[in-house]
Amino acid sequence: MLQRNAGKVEVEKVKDGAAAAPPHTLLSCYCYHHCPEDATNNTCRTDGFCFSMLEEEESGVTVMTSGCLGLVGSEFQCRDTGNSRQRRALECCTDKDYCNRDLHPTLPPHRTPSYVNGDMALLISVTVCSLIFIIILIILFCYLRSKHQECGVGYSVRLEHEELFSPVGETLRDLIEQSHSSGSGSGLPLLVQRTIAKQIQMVKQIGKGRYGEVWMARWRGERVAVKVFFTTEEASWFRETEIYQTVLMRHENILGFIAADIKGTGSWTQLYLITDYHENGSLYDYLRSTTLDVAAMLKLVYSAASGLCHLHTEIFGTQGKPAIAHRDLKSKNILVKKNGSCCIADLGLAVKFISDTNEVDIPENTRVGTKRFMPPEVLDETLNRRHFQSYMMADMYSFGLILWEIARRCVSGGIVEDYQLPYHDQVPSDPSYEDMREVVCIKRIRPSFPNRWSSDECLRLMGKLMTECWAHNPASRLTALRVKKTLAKMSDSLDIKV
């Protein structure tokens with residue numbers, strides 16, 4: 001606050017914050033907006049200084065103030081430090097009465113408030129940090145891009161070298177025969193498999209299932225089948241590849257495995273399983289479009305039983321083969337070759353028996369496979385998971401239903417039934433577990449036999465065979481080896497070569 005005082009002195013003018021000590025006489029000053037209560041005619045008297053002050057209010061309006069400053073403290077008040085929140089200019093004088101009329105203070109230039117300076121500093125800091133971050137990202141991107149290009153070049157070089165591992169001029173049959181005679185019987189070397197997979201040319205999609213799509217493709221002009229698994233089914237691809245590459249797995253009635261590979265990364269990953277291509281397709285499609293005579297029927301069932309028997313059989317030795325159960329046997333998972341024989345495919349749910357540790361290599365869930373072909377012990381969840389024999393007997397139940405499908409399409413006395421799935425007259429087209437459990441477990445119903453089978457010796461024996469395969473008690477079912485021997489005996493009795 002400016003201090004007021006009255007009096008009359010002789011003074012000299014004070015500017016720029018330097019005030020001379022005034023004489024001890026009263027000085028008359030012009031006052032405006034700063035007059036004491038007893039002032040008359042805008043005049044005040046002081047023993048100190050006269051002053052004039054120009055001040056900018058918060059509204060932006062400038063106001064001129066004049067008046068008297070008392071001697072005590074006036075020296076400091078005339079030295080205006082400029083630290084006020086408002087813009088102002090103060091000048092003092094003592095050279096004569098009313099000397100402050102001649103004072104014309106001017107406002108200092110605008111100063112940037114301290115908080116504005118702080119915001120500006122923060123903005124500059126953020127901008128600089130952002131630029132540094134962007135530069136780092138650009139450098140990192142360029143580095144990764146160059147590494148990717150280097151990897152691409154390396155991959156191309158490796159691919160050129162890998163081509164050397166696929167013998168020029170050899171056919172798929174040559175390569176498969178080579179794998180048969182290599183000593184292990186577990187398939188081609190992995191490097192050759194990868195090379196073949198890279199040379200595959202996809203032609204057209206021929207099927208789609210639970211775990212992926214099946215394509216007809218070409219390798220060096222030869223037709224092959226390629227199963228492309230969905231990206232979420234890596235475990236199924238791994239299991240099927242592992243089973244196919246089991247030592248001594250090769251058999252003429254098990255789908256011929258050629259190669260497996262993984263292509264791409266992340267969401268673009270494709271898992272390939274390359275096998276023999278059979279133009280006749282699945283047994284399901286074949287039976288729907290073809291009628292059979294006795295010889296054709298016996299060839300189908302004997303070859304299918306032979307494949308299943310090899311799968312179930314454990315081969316002992318230095319390079320032995322474990323016993324394997326399929327767990328998803330059905331007519332759609334059996335393929336028909338050009339020569340009319342069958343081969344078993346789709347081993348993604350198969351389990352192995354590790355005899356050394358007496359353990360079953362199987363996932364936790366026992367409710368797998370196709371509900372229509374599930375045996376009663378799987379439907380009511382009473383299957384003994386600790387004994388591998390349980391899984392083989394479950395396969396035999398499903399195999400009995402496949403025998404029924406095939407026998408219905410065999411002509412006898414000029415009569416043949418239309419193709420139907422098992423339990424077609426008992427459950428909906430897409431039955432639930434409850435539908436199948438009620439029919440198979442509770443009511444113990446099995447597919448019915450046409451009347452004509454009783455008058456045909458071969459079909460009558462087939463009916464007896466399938467009845468012993470789908471018995472309710474797993475221990476009462478025939479083994480794959482027994483079915484194979486029975487079918488061979490039937491063929492011999494009819495002088496039919498299978």
Would you say [X]'s side chain and [Y]'s backbone share a donor-acceptor pair under 3.5 angstrom?
{"X": "T290", "Y": "L287", "result": "no"}
{"X": "S390", "Y": "N384", "result": "yes"}
{"X": "S476", "Y": "H472", "result": "no"}
{"X": "T241", "Y": "F238", "result": "no"}
{"X": "H326", "Y": "A345", "result": "yes"}
{"X": "H251", "Y": "N253", "result": "yes"}
{"X": "D395", "Y": "A325", "result": "no"}
{"X": "T370", "Y": "F373", "result": "no"}

Inset, instruction - Could you check K227 against E213 for side-chain contact (heavy atoms from CB on, under 4.5 Å), going step by step and ending with a plain yes or no? - result: CA-CA 6 Å; K227 189 173 181 180; E213 301 169 346; over 6 Å; no
Using a strict threshold of under 4.0 Å (side-chain N to carboxylate O), is an ion pair present between [Y] and [X]?
{"X": "E468", "Y": "R482", "value": "no"}
{"X": "D492", "Y": "K497", "value": "no"}
{"X": "E242", "Y": "K352", "value": "yes"}
{"X": "E222", "Y": "R218", "value": "no"}
{"X": "E417", "Y": "R409", "value": "no"}
{"X": "E377", "Y": "R477", "value": "yes"}
{"X": "E279", "Y": "R223", "value": "yes"}
{"X": "R437", "Y": "E434", "value": "no"}

Legend entry - Worked check of side-chain contact (heavy atoms from CB on, under 4.5 Å) between L292 and V411: CA-CA 6 Å; L292 309 171; V411 180; over 6 Å; no
Please give me the minimum heavy-atom distance between [X] and [Y], naming the atom from each residue.
{"X": "C342", "Y": "L283", "result": "SG-CD1, 4.5 Å"}
{"X": "W470", "Y": "L401", "result": "CE3-CD2, 3.7 Å"}
{"X": "R446", "Y": "V440", "result": "NH1-O, 3.3 Å"}
{"X": "R250", "Y": "H310", "result": "O-NE2, 3.7 Å"}
{"X": "V301", "Y": "F399", "result": "O-CZ, 3.9 Å"}
{"X": "P375", "Y": "A394", "result": "CG-CB, 3.6 Å"}

Should [X] and [Y] count as side-chain neighbours, where that means a heavy-atom distance under 4.5 Å?
{"X": "M297", "Y": "M462", "result": "yes"}
{"X": "K464", "Y": "W453", "result": "no"}
{"X": "V224", "Y": "D276", "result": "no"}
{"X": "L311", "Y": "L347", "result": "yes"}
{"X": "P422", "Y": "W404", "result": "yes"}
{"X": "E314", "Y": "S355", "result": "yes"}
{"X": "D361", "Y": "R239", "result": "yes"}
{"X": "Y397", "Y": "V378", "result": "no"}

Within 6.0 Å of [atom1] in [X], more than 12 heavy atoms from elsewhere:
{"X": "Q201", "atom1": "CD", "answer": "no"}
{"X": "N473", "atom1": "CG", "answer": "yes"}
{"X": "N451", "atom1": "CG", "answer": "no"}

Legend entry - Donor-acceptor side-chain pairing of N333 and S282 below 3.5 angstrom: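 Their side chains do not contain a donor-acceptor pair, so the 3.5 Å distance test is not met.
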Legend entry - Residues S412 and R452: side-chain donor-acceptor under 3.5 angstrom: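 On atom types as modelled, these side chains qualify, holding a pair under 3.5 Å.
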Legend entry - E438 vs K443, salt bridge (charged side-chain N to carboxylate O under 4.0 Å, His left out): CA-CA, chis, key distance, verdict: CA-CA 6 Å; E438 182 179 359; K443 295 181 180 179; 3.8 Å; yes
Inset, instruction - Establish, yes or no, whether the cationic atom of K371 lies under 6.0 Å from the six-membered ring centre of Y433 and within 45° of the ring axis. - result: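 Verdict for Y433: a cation-pi partner in K371.
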Inset, instruction - Establish, yes or no, whether the cationic atom of K332 lies under 6.0 Å from the six-membered ring centre of Y284 and within 45° of the ring axis. - result: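 Judged by the rule (NZ or CZ under 6.0 Å from the ring centre, within 45° of its axis), K332 counts as positioned above Y284.
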Look up atom [atom1] in [X] and atom [atom2] in [Y], then write down how far apart they are to the nearest 0.5 Å.
{"X": "Y286", "Y": "I334", "atom1": "OH", "atom2": "CD1", "result": "13.5 Å"}
{"X": "S331", "Y": "L300", "atom1": "OG", "atom2": "CG", "result": "11.5 Å"}
{"X": "I496", "Y": "L298", "atom1": "CD1", "atom2": "CG", "result": "5.0 Å"}
{"X": "H387", "Y": "N358", "atom1": "NE2", "atom2": "CG", "result": "8.5 Å"}
{"X": "Y277", "Y": "L335", "atom1": "OH", "atom2": "CG", "result": "10.5 Å"}
{"X": "K489", "Y": "L494", "atom1": "NZ", "atom2": "CG", "result": "12.5 Å"}

Inset, instruction - Before giving the answer on side-chain contact (heavy atoms from CB on, under 4.5 Å), spell out for L481 and H312 the whole-Å C-alpha distance, their side-chain angles and the decisive distance to 0.1 Å. - result: CA-CA 9 Å; L481 180 58; H312 283 184; over 6 Å; no
Inset, instruction - Report the residue from N339, L487, V336, V294 that forms a side chain to side chain contact (heavy atoms under 4.5 Å, CB included) with K299. - result: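 When N339, L487, V336, V294 are each tested with K299, the side chain to side chain contact (heavy atoms under 4.5 Å, CB included) holds only for N339.
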Legend entry - Among R408, E405, H424, R288, side chain to side chain donor-acceptor pair (under 3.5 Å) partner for Y419: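 It is E405; the other options fail the test.
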What pairs of donor and acceptor atoms, side-chain ones from residues 122-132 against any protein atom, are under 3.5 angstrom apart with sequence neighbours left out?
unit_1: S125; atom_1: OG; unit_2: A121; atom_2: O; d: 2.9
unit_1: T127; atom_1: OG1; unit_2: L123; atom_2: O; d: 2.7
unit_1: S130; atom_1: OG; unit_2: V126; atom_2: O; d: 2.8

Legend entry - Intermediate values then yes/no, side-chain contact (heavy atoms from CB on, under 4.5 Å), Y391 and R385: CA-CA 8 Å; Y391 297 100; R385 300 172 58 192; 3.4 Å; yes
